[in-house]
Amino acid sequence: MDALLVGLDDRNEEMRALMESAGLRLIDVFVQRRQAPDPKYFVGKGKLEDLKATVERQAIEIVVFAGTLRPNQHHELEKALKVQCYDRLRVILEIFTRRAQSREARLQVELAMLQYEIPILKEWIHSAAAGERPGFMAGGEYRVDAYYETVKRKMKKVRDELERVRKERALHVSVAGYANAGKSSLFNVLAGEQVLVEDRLFTTLSTTTRILEPPARRVLLTDTVGFVSNVPLWLVEAFHSTLEEVYASDLVLLLVDASDRLEEFRAKVELAADTLIPGMDVGKILPVLTKTDLTPPSEVRSRIDILKDSSFTRTPIAVSVLKKEGIAELHSILEGEFRLPVEFTIRISQTAENAAFMNWIYSETDILSTAYPENTVELRLRCRERDVSRIQAAAKVVSGPSVSTSS
Ligand SMILES: Nc1nc2c(ncn2[C@@H]2O[C@H](COP(=O)(O)OP(=O)(O)OP(=O)(O)O)[C@@H](O)[C@H]2O)c(=O)[nH]1
Ligand SMILES: [Mg+2]
């Protein structure tokens, strides 16, 4: 879509970058140096006339304002320019819309977008000439008052559907790691299965998936093909789909064999980090030391230390499938992983650095409601215990956290 950018100073690098991510093609930039935006049109009247002429001449579809438009400004500008007007937050929401991948993320972003549009629609309705609004949402023109009711209904539908998707969505856990690390053995005890276990590399040559049923949500556990160092490229290609599946998991149990010699152990941890971390959020990788029964306790400890010093961030756990040690602990980590017991209301200011954090918030927490008070995004949400500190560090907490025991 062809777009103009309108700013009140020359510092528009960030807005340009945001627009590019949002898929908007920048045709021209209008700068009007002034202390504060005009209360009605953001820019002065003269500049508005220039804008109008360019919009018509160049068949511009969207005009982006570098800043925040109040609902009345938004309304006046769209009425005057007869094309959709975006402000900074609207551009950010557009980026989320394009990036959201899962059904759940798409619904959350759709809801956020509807909530953003509501006050603007109200302006249109309150204005005497409640009539047509240019290209709202999907393009085309709608009678605004009728559309307002439609939007309300749509919001309810999206909320209901979100609730259903959340209840039904299966969470994916992959058991990954170097060849012969004990992946299939652990998979078998966790899933009550009997896939083939042997003391050689590549016993497993395709993935197997089974349903686990901890009380909170449906969890799918997948046994995967092990990775190895220095394999020829065609082999790597063959494993690509396995790796893609691992990257897309909600949680990866990364198994490392505690019975390996120290040097070998270090090399495998490094290889695992190089393989996994570029493809996914490191916070979703839980390092698991396996076969601890084969190794004296002091050796187990030094290997745990290696894992702690590695680029993996989560606290490793140690298991022995043979002795059934650490299995109960792993079960309870799996259960706790997907419960969202903490409720928060937070405020995030709309900066480019926060866009990544917002993206993370939309994919990792349940958003209960969204509002947009003065240049910020206010979210009420539920999250995991382990995400509390990350959220507190990145956002202003309005209320909470409060912890509920039911999931
Ligand atoms: N002593 C001991 N041996 C284990 C343990 N877990 C797995 N093993 C052995 O380690 C070997 C490899 O186990 P698998 O479960 O097949 O390993 P894998 O990671 O699935 O191997 P690939 O599919 O070949 O990558 C087998 O001989 C297992 O019996 C354990 O906790 N203790
Ligand atoms: Mg296996």
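Every number for a ligand or one of its atoms is a count from 1 in the order of the listing.
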Quick check: closest heavy atoms across Asp257 and Phe265, and the distance to 0.1 Å?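 So the two residues come closest at O-CD1, 3.3 Å.
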Ion pair check, [X] and [Y], cut-off under 4.0 Å:
X: Arg99; Y: Glu94; value: no
X: Lys47; Y: Asp38; value: no
X: Asp387; Y: Arg384; value: yes
X: Lys268; Y: Glu264; value: yes

When you compare the side chain of Leu381 with that of Leu368, does any pair of heavy atoms fall below 4.5 Å? no
Could you tell me if the side chain of Met155 sits less than 4.5 Å from the side chain of Val158, heavy atoms only?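 No - every pair of side-chain heavy atoms lies 4.5 Å or more apart.
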Which of the numbered atoms in ligand 1 are under 4.0 angstrom from any heavy atom belonging to [X]?
X: Val321; answer: 30 (C), 31 (O)
X: Val197; answer: 13 (O), 14 (P), 15 (O), 16 (O), 26 (C), 28 (C), 29 (O)
X: Ser320; answer: 31 (O)
X: Asp293; answer: 1 (N), 2 (C), 30 (C), 31 (O), 32 (N)
X: Ala179; answer: 25 (O)
X: Leu294; answer: 1 (N)
X: Ala181; answer: 19 (O)

Taking heavy atoms and a distance under 4.0 Å, where does Leu322 meet ligand 1: side chain, backbone, both or neither?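 The part of Leu322 near ligand 1 is both the backbone and the side chain.
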Side chain, backbone, both or neither: the part of Asn180 lying under 4.0 Å from ligand 1 by heavy atom: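 For Asn180, the contact with ligand 1 is made by both the backbone and the side chain.
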Ignoring angles and geometry beyond distance, decide whether [X] reaches within less than 3.5 Å of ligand 1 through its nitrogen or oxygen atoms.
X: Tyr178; result: no
X: Lys183; result: yes
X: Gly182; result: yes

Counting backbone and side-chain atoms alike, does Ser184 have an N/O/S atom under 2.8 Å from the Mg ion (ligand 2)? yes
Pick from Ser185, Ser259, Ser184, Ala176: the one approaching atom 7 (C) of ligand 1 most closely through a non-hydrogen atom: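 Of the listed residues, Ser185 has the closest heavy atom.
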Under 6.0 Å between ring centres, would you say that holds for Tyr362 and Phe96?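 That pair passes the under 6.0 Å test.
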Applying side-chain contact (heavy atoms from CB on, under 4.5 Å) between Phe344 and each of Thr365, Val398, Leu379, Val388, report the one that passes. Val388
